[in-house]
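Side chains are part of it too, since the values below use all heavy atoms of this structure and drop only hydrogens, waters and symmetry mates.
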Amino acid sequence: MPFHALDVTLTRALTPAELRRAARVMPLAADHDTTRLLALARAKTPHKALKQLSNQLGGRLPIDVITTHYPDPNGQILLNLAFSPAAYTALEAGAAHVERPPHLFVQEAIHRALARHATEEADRLDRALQHLLAGTTPPHLLTALERALTHTPEGVPC
């Protein structure tokens with residue numbers, strides 16, 4: 001059975017004792033301030049790995065979000081959100097209003113938000129480029145872009 005790498009975002013930093021107790025349940029690595037963890041879960045699928053981590057550590061740690069660390073073959077990252085009872089009730093009501101299951105309602109809302117963000121970012125970059133091109137030529141802009149992309153700060157390896 002394969003291992004799956006999972007990212008865990010916590011609602012607060014862990015104490016050293018909390019981290020030690022949790023690491024006895026499954027392999028964990030913490031970031032510098034113990035607000036994010038990387039876990040390894042052995043399961044048949046990434047979905048089952050998310051469930052396993054949630055079941056084994058959900059009551060022990062202040063988990064906010066769990067995601068798969070690597071995209072699946074379709075380029076998707078699985079996301080496991082912990083909702084408060086009040087938030088989940090509101091989510092169910094919103095999903096029922098549009099006649100969708102709650103998990104699809106959330107999935108579609110996230111996809112819409114990401115698509116909107118991508119469009120806004122593309123528009124912002126287009127406006128910035130138009131502003132830059134108003135004061136220079138395309139070859140000069142490309143030369144400056146090449147320098148910016150290949151320049152590394154002192155002491156940082158390429």
Over 12 foreign heavy atoms within 6.0 Å of CD, Glu121 = yes
query = Asp33 and Ala13: which non-hydrogen atoms are nearest, and at how many Å?
reply = O-CB, 3.3 Å
Common cluster, Phe105/Ile110, ILVMFWY with side-chain heavy-atom separation under 4.5 Å = yes
inquiry  = Once rounded to the nearest 0.5 Å, what's the spacing between atom CD of Gln107 and atom CZ of Arg112?
reply    = 11.0 Å
Smallest separation among heavy atoms of Ala43 and His4, with atom names = O-NE2, 3.0 Å
Separation between CG of Asn80 and CG of Asp7, rounded to the nearest 0.5 Å = 12.5 Å
inquiry  = Can you confirm whether more than 12 heavy atoms, excluding those of Arg42, are under 6.0 Å from its CZ atom?
reply    = yes
inquiry  = Using the rule given for side chain to side chain contact (heavy atoms under 4.5 Å, CB included), can you reason through Arg124 versus Glu120, listing the C-alpha separation, both sets of side-chain angles and the distance that settles it, and then say yes or no?
reply    = CA-CA 6 Å; Arg124 183 189 69 77; Glu120 290 168 357; over 6 Å; no
query = Does the pair Thr67 and Leu78 meet the rule for a side chain to side chain contact (heavy atoms under 4.5 Å, CB included), with working shown?
reply = CA-CA 5 Å; Thr67 63; Leu78 294 181; over 6 Å; no
Side-chain donor or acceptor of Thr150 paired with backbone N/O of Glu146 under 3.5 Å = yes
ask   = What is the minimum heavy-atom distance between Leu37 and Leu19, and which atoms define it?
value = CD2-CD1, 3.9 Å
remark   = Between the OG1 atom in Thr45 and the CE atom in Met1, the distance rounded to the nearest 0.5 Å is 10.0 Å
task = Applying side chain to side chain contact (heavy atoms under 4.5 Å, CB included), run through Leu10 and Ile63 and close with a yes or a no.
result = CA-CA 5 Å; Leu10 304 168; Ile63 295 175; 4.1 Å; yes
remark   = Scanning both residues in full, the closest heavy-atom pair of Glu18 with Thr15 reads OE1-N, 2.8 Å
key: Within one Ile-Leu-Val-Met-Phe-Trp-Tyr cluster: Leu53 and Leu40, side-chain cutoff 4.5 Å   = no
ask   = If every non-hydrogen atom of Leu6 is compared with every non-hydrogen atom of Ala49, which pair is closest and at what distance?
value = CD1-O, 3.5 Å
query = Among the clusters formed by ILVMFWY side chains lying less than 4.5 Å apart, do Leu50 and Tyr70 turn up in the same one?
reply = no
ask   = Do Val106 and Leu114 belong together in a cluster built from hydrophobic side chains that touch within less than 4.5 Å?
value = yes
note = Shortest non-hydrogen pair, Leu14 vs Leu61, comes out as CD2-CD2, 3.7 Å
ask   = Short question: side chain of Asp72, backbone of Asn74 - any donor-acceptor pair under 3.5 Å?
value = yes
request  = Supply the atom-to-atom distance Arg60 CZ to Arg21 CZ, rounded to the nearest 0.5 angstrom.
outcome  = 9.0 Å
task = Would you indicate whether Phe83, at its atom CZ, is surrounded by more than 12 heavy atoms from other residues, nucleotides or ligands within a distance under 6.0 Å?
result = yes
ask   = Do Leu149 and Leu142 sit in the same hydrophobic cluster, where Ile, Leu, Val, Met, Phe, Trp and Tyr count as joined when their side-chain heavy atoms come under 4.5 Å apart?
value = no
query = Taking atom NE2 of His111 as the centre, does the number of heavy atoms from other residues, nucleotides or ligands within less than 6.0 Å exceed 12?
reply = yes
task = Would you check if Tyr88 and Pro102 make a side-chain contact, meaning some heavy-atom pair closer than 4.5 Å?
result = yes
